[in-house]
Structure formats: structure tokens, C-alpha cells
Amino acid sequence: PRSIWKHGKLHIIHENLLSRTKYLENNKKVRKNWTTSWAVLTESHLSFFKDQKCLNAQNIKSELEVDLHYSRIEANSDKSSRKNVFQITCYPLGLELLCQTPNPTDSLDWCVRIQKVIESLPQP
Ligand code: I3P
């Protein structure tokens, strides 16, 4: 998707494996389906790719892309029995995403970085 490119280059702030599931879609609760894929944080988006190799492709295609302009992050979530879960709410999509890492430090690291991106963007 074009939106994660800047001056023809993908400006990656952070990337790593990240587990995720949708919790709400179009403001409706959906059945959880946890998947682990390659997550990429840029200056405006959090995008998920099947694997790291996908980023080398000509027509780079993400599985899911969250516009952080209209998003909020919470470092904890009571919506899962799993550990190290944080939650991203994206208003235009009516989307709530739960994200998880095996390690608490990595989870907090994602949160801090994503929060910084959100704060750097103009808020509606
Ligand atoms: C769900 C699945 C999820 C689990 C969820 C279950 O069952 O086990 O992993 O969420 O718990 O309902 P199913 O596969 O039948 O959809 P967590 O792993 O986040 O706990 P929940 O009902 O408490 O949301």
C-alpha cells in the first residue's frame, strides 16, 4: 500500500513479529483469531505483513494496515486471557485490535513507540 511509503522509501521505525487479533470490526465484536505476522511501524501506520520477505517485493501488500492518525493505544487489555496484550483502537474503521508479544519488555516497547507516533500526528 502506498500510504506506508515516503519519498519512494519505506521509513520503518520499528519492526518485529507481533501477534494480533481483531476484537471489534465496524464497531461489532468479532470472533478472535490470533495470528502472528511481521509488523511494521512507520511514521503514520502500523502494518502487518505475512512475513519479513514481503517487504522486498515490488508490489508490497499488507494483510492489515492501521492508520494511526485516528487511533488510541492502551498498554493493557482485559479483553484477553493472554499476557502482554496491548490494545489499539482505530476510530474510522471501528476497529479494535489486540496485540501480543511473548515478552513483556517487547510489548511495552511496541506501546511506547506506537504512542510516540500517535502523539506526533495531528489529532482530529
Ligand atoms: C476463543 C479463542 C481465543 C480466546 C477466546 C476464545 O475461542 O480460544 O484465543 O481469546 O477467549 O473464545 P474460539 O477459538 O472458539 O473462538 P484469548 O486467547 O485472547 O483469551 P474469550 O472468549 O475470553 O475472548
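A quick note: this is a predicted structure, and the numbers were derived from the prediction, not measured. Both ligands and their constituent atoms are indexed starting at 1 by order of listing. Side-chain atoms are counted along with the backbone in the values below, which use heavy atoms only and exclude waters and symmetry mates. Residues take their numbers from the sequence shown, with the count starting at 1.
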- Query: Going only through I, L, V, M, F, W and Y residues with side-chain contacts under 4.5 Å, is there a path from V66 to F49?
  - Reply: no
- Task: Taking the side chain as every heavy atom from C-beta outward, state whether T89 and E96 have any pair of such atoms under 4.5 Å apart.
- Result: yes
- Indicate yes or no: at least one non-hydrogen side-chain atom of F48 is less than 4.5 angstrom from one of R20. yes
- Query: Could any protein non-hydrogen atom be found less than 4.0 Å from atom 20 (O) of ligand 1?
  - Reply: yes
- Task: Mark whether atom 16 (O) of ligand 1 lies under 4.0 angstrom from at least one protein heavy atom.
- Result: yes
- Task: Could you list the atoms of ligand 1 found under 4.0 angstrom from a heavy atom of S80?
- Result: 17 (P), 19 (O), 20 (O)
- Task: Identify, for atom 14 (O) of ligand 1, the protein heavy atom at the shortest distance, and state residue, atom and that distance.
- Result: R31 NH2, 4.0 Å
- When distances are taken from atom 9 (O) of ligand 1, the protein heavy atom at minimum range is W34 CD1, 3.5 Å
- Answer yes or no for K29 and Y23: cation-pi contact, defined as NZ/CZ to six-membered ring centre under 6.0 Å and angle to ring axis within 45°. yes
- Query: Any side-chain donor paired with an acceptor under 3.5 Å for S47 and S62?
  - Reply: no
- Query: Nearest non-hydrogen atom to atom 4 (C) of ligand 1 belongs to which of R82, Q100, K79, K32?
  - Reply: K32
